[in-house]
Novice: 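This is the structure I have questions about; it appears just below.
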Amino acid sequence: MKRTTWKKRKKPFPLETPGFLRLFFVGVGSAFSKKHNQTNLLVIKGHNHLLIDCGTKCPQALWDLGLPVTAVQHFLITHSHADHIGGLEEAALMGRYFAKKKPDMIITDEYKGILWDMSLKGGIAFGELVNGRPLAFEDVFEPLSPEPHPVLQREAWKAQSGSIDLILFRTKHIPDSAAGWRDSFFSLGVVIDGRVLFTSDTRYDPELLLECDARYPLEAIFHDCQFFTAGVHASLEELKDLPAGIKKKTYLTHYGDNWVEFREKIRRYGFAGLGNQNVCYDFPEQKRPG
Ligand SMILES: [Zn+2]
Ligand SMILES: [Zn+2]
C-alpha cells in the first residue's frame, strides 16, 4: 500500500484511478469531532467509485474537495448515526431537484426500511406528491440488494459496485449492553476487494478481526477507536490486546480531537498509526493469473 497526501488544487478530487484501488477518507474524526470531518470513506477503482457513509459534515467536506455531493453516484451506508447518514437528505434532494440524478445505494431490504422510516422520511417524503403519494426511498435512491453470503460466523452479504468487490457483515455497535452482533441494532462493516477491512463503527470484537484476517489476505485494517474505554466503540486499551500481526496493519479512525496525546502510545502498542484525512491509500493492481 502506498500513501500520498492529496494537496488541494483547482481541479476536483478525481473519482477515478488508472485502475488501482484507492481509499480516501473524507474524514477520520469521531461523530462529534471539530478538527476533522467524520469518518466517511471514498472507495475508488478505475472508473468506479463508492461513498461509504455520508454524515452531517460530508457534503461540505466533499465541496472542499471540489465535489458537489451529487458527484457521488454510488452509496453504501453502514448504520443510522448522524455522522454516517446526516448528509443523505442533501444528497437526495440535490439529486432530485438540481442534478436530476438518482444515485444508487447498496442496501438490504431490512435496513432500507430502518433508514427510511426512522430517519430519512421526515425530511424527504413530504416535499412533493407523486401520483398523490409522498416520495418513497426508491424515488431518491436506486436500491441495490446485496446477496446473502454466509461465509463468516455472522450475518454477511456480498455486493459489487462496478469492479469493487464488497463483503458486508454485521457489527456489534449499539447498544453498549449488547452481547454480540445478534442483539445489536443494524450496523455494518466492510471488506473491500478482499484486501482491506473497514469496521465503520463497532465495539471491541476480536473474533471479527481474527476471522476476517484468517479468511482474507488483508493488507490493511481501518478500525474505529476511542481513547477511553466505555460506550459504543472499541477503545485503544482494548485494541492493544489484538495479535501483533493484526495491529501492525491496523490504522485507527473515527477518533476524538485529543489524538495528539495518544500518538506515542499508538506507536508503542504496535499499530500502523492513525488513519489520515487527505491521504490517498493506494493498493497496486493485482494481475490475474493467466
Ligand atoms: Zn460513527
Ligand atoms: Zn455509530
Novice: Counting only heavy atoms not in Arg182 (residues, nucleotides, ligands), do more than 12 fall under 6.0 Å from its CZ?
Specialist: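 At most 12 heavy atoms, drawn from other residues, nucleotides or ligands, come within 6.0 Å of this atom.
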Novice: Determine the minimum heavy-atom distance between His84 and Ser200, stating which atoms define it.
Specialist: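 Scanning both residues, the minimum pair turns out to be CE1-OG, 3.5 Å.
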Novice: Should Leu236 and Lys265 count as side-chain neighbours, where that means a heavy-atom distance under 4.5 Å?
Specialist: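 A side-chain contact exists here, since the closest heavy-atom pair is under 4.5 Å.
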Novice: Is it the case that Thr199 and Asp224 place a side-chain donor and acceptor less than 3.5 Å from each other?
Specialist: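 Thr199 vs Asp224: donor-acceptor pair found between side chains.
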Novice: So which atom in Ala159 and which in Ile106 form the shortest heavy-atom distance, rounded to 0.1 Å?
Specialist: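 Result for this residue pair: CB-CG2, 3.8 Å.
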Novice: Has the side chain of Thr17 got a donor or acceptor atom that lies under 3.5 Å from a matching backbone atom of Phe20?
Specialist: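 Present.
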Novice: With rounding to the nearest 0.5 angstrom, report the CD to CG distance, Gln226 to Asn258.
Specialist: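 Atom-to-atom, Gln226:CD and Asn258:CG are 11.0 Å apart.
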Novice: Could you go through the ring pair (Phe, Tyr, Trp, His ring centres under 6.0 Å) check for Phe222 and Tyr251 one step at a time?
Specialist: CA-CA 5 Å; Phe222 293 90; Tyr251 296 83; 5.3 Å; yes
Novice: Grab the two heavy atoms, one from Ile107 and one from Lys112, that are nearest each other, plus how far apart they are.
Specialist: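 For Ile107 versus Lys112, the nearest heavy atoms are CD1-CA, 3.6 Å.
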Novice: More than 12 foreign heavy atoms under 6.0 Å from NZ of Lys158: is that the case here?
Specialist: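 Incorrect, the count does not exceed 12.
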Novice: Do the side chains of Lys35 and Asp257 get close enough for a salt bridge, i.e. N-O under 4.0 angstrom?
Specialist: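 Here Lys35 does not pair with Asp257 in a salt bridge, since their nearest N and O are not under 4.0 Å apart.
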Novice: Ignoring hydrogens and angles, state whether a donor on the side chain of His74 or Asn48 is under 3.5 Å from an acceptor on the partner side chain.
Specialist: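 Side-chain D/A pair, His74 to Asn48: absent.
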Novice: Got a second to check how far Ser163's OG is from Ile44's CD1, nearest 0.5 Å?
Specialist: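 Rounded to the nearest 0.5 Å, the OG-CD1 separation comes out at 11.5 Å.
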Novice: Could you check whether atom NZ of Lys101 has more than 12 heavy atoms from other residues, nucleotides or ligands sitting under 6.0 Å from it?
Specialist: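 Above 12, so yes.
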Novice: Tell me the closest heavy-atom pair linking Leu209 and Leu197, and the distance in Å.
Specialist: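 Between these two residues, the closest heavy atoms are CD2-CD2, 3.5 Å.
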Novice: For residues 61-73, which residue pairs qualify under side chain to side chain donor-acceptor pair (under 3.5 Å), counting only residues two or more places apart or in two chains?
Specialist: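 Counting only pairs at least two positions apart or across chains, the side chain to side chain donor-acceptor pair (under 3.5 Å) contacts touching residues 61-73 are Gln60-Asp64.
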Novice: Would you name the heavy atoms of Gln38 and Thr56 that are closest together and state the gap between them?
Specialist: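 Shortest heavy-atom contact: NE2-OG1, 2.7 Å.
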Novice: Can you tell if the side chain of Val43 reaches within under 4.5 Å of the side chain of Leu21, non-hydrogen atoms only?
Specialist: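 A side-chain contact under 4.5 Å exists here.
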Novice: Which pairs pass ring pair (Phe, Tyr, Trp, His ring centres under 6.0 Å) with one or both residues in residues 94-129, sequence neighbours excluded?
Specialist: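 Residue pairs with at least one partner in residues 94-129: Tyr111-Phe186.
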Novice: What pair of heavy atoms forms the shortest contact from Trp181 to Gln153, and how long is it?
Specialist: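 Result for this residue pair: NE1-O, 3.6 Å.
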Novice: Output yes when Asp193 and Lys45 qualify as a salt bridge under the 4.0 Å nitrogen-oxygen rule, no when they do not.
Specialist: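 Yes.
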Novice: Quick one: does His173's side chain get under 4.5 Å of His81's, heavy atoms only?
Specialist: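 Yes, close enough: below the 4.5 Å cut-off.
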Novice: Going by an N to O cut-off under 4.0 Å, is there a salt bridge joining Lys172 and Glu207?
Specialist: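 A salt bridge is absent here (no side-chain N lies under 4.0 Å from a carboxylate O).
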Novice: List the residues meeting side chain to side chain donor-acceptor pair (under 3.5 Å) with Glu211, not counting sequence neighbours, and say none if there are none.
Specialist: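 Partners of Glu211 under the side chain to side chain donor-acceptor pair (under 3.5 Å) test: none.
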Novice: Looking just at side-chain N and O atoms, do Ser187 and Asp201 make a donor-acceptor pair shorter than 3.5 Å?
Specialist: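 The answer is no; no qualifying pair exists.
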Novice: How long is the span from the CD1 atom in Ile192 to the CG atom in Leu50, to the nearest 0.5 Å?
Specialist: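 If we round to the nearest 0.5 Å, Ile192:CD1 and Leu50:CG are 8.0 Å apart.
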Novice: Using a strict threshold of under 4.0 Å (side-chain N to carboxylate O), is an ion pair present between Arg133 and Asp139?
Specialist: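 Arg133 and Asp139: salt-bridged.
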Novice: Could you check Phe24 against Tyr281 for ring pair (Phe, Tyr, Trp, His ring centres under 6.0 Å), going step by step and ending with a plain yes or no?
Specialist: CA-CA 6 Å; Phe24 184 86; Tyr281 295 92; 8.7 Å; no
Novice: Hey, does Glu238 have a side-chain heavy atom less than 4.5 Å from the side chain of Thr229?
Specialist: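 Thr229 vs Glu238: side chains touch.
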Novice: Please round to the nearest 0.5 Å and tell me the distance separating atom SG of Cys280 and atom CZ of Phe283.
Specialist: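 Reported to 0.5 Å precision, the distance equals 11.5 Å.
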Novice: Is Leu168 close to Leu76 at the side-chain level, that is, under 4.5 Å between some pair of heavy atoms?
Specialist: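 When only atoms from C-beta onward are counted, Leu168 and Leu76 do touch, with a gap below 4.5 Å.
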Novice: Just by modelled atom types, is the Phe169 backbone N or O under 3.5 Å from a matching donor or acceptor in the Glu155 side chain?
Specialist: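 Checked: no pair found.
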Novice: Say whether, by atom type as modelled, one donor and one acceptor occur between the side chain of Asp213 and the main chain of Leu210 under 3.5 angstrom.
Specialist: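 It does not hold such a pair.
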Novice: Is there a side-chain contact between Ser145 and Thr108, using heavy atoms and a 4.5 Å cut-off?
Specialist: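 No, side chains not in contact.
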Novice: Mind checking side chain to side chain donor-acceptor pair (under 3.5 Å) for Ser30 and listing every partner two or more places apart, or none if nothing turns up?
Specialist: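 Side chain to side chain donor-acceptor pair (under 3.5 Å) list for Ser30, sorted by chain: empty.
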Novice: Phe185: what forms a side-chain contact (heavy atoms from CB on, under 4.5 Å) with it, not counting sequence neighbours?
Specialist: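 Here the qualifying residues are Ile114, Met118, Ile174.
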Novice: Who pairs with Tyr216 by side chain to side chain donor-acceptor pair (under 3.5 Å), at least two apart in sequence or on another chain?
Specialist: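 With sequence neighbours excluded, Tyr216 shows a side chain to side chain donor-acceptor pair (under 3.5 Å) to no residue whatsoever.
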Novice: Rounded to the nearest 0.5 Å, what's the gap from CG on Leu274 to NE2 on His36? Could you check?
Specialist: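 Those atoms lie 8.0 Å apart.
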Novice: Is the shortest side-chain heavy-atom distance between Phe75 and Ile52 below 4.5 Å?
Specialist: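 No. Closest side-chain heavy atoms not under 4.5 Å.
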Novice: Side chains of Cys54 and Val72: does their closest heavy-atom pair fall under 4.5 Å?
Specialist: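 No, every pair of side-chain atoms sits at 4.5 Å or beyond.
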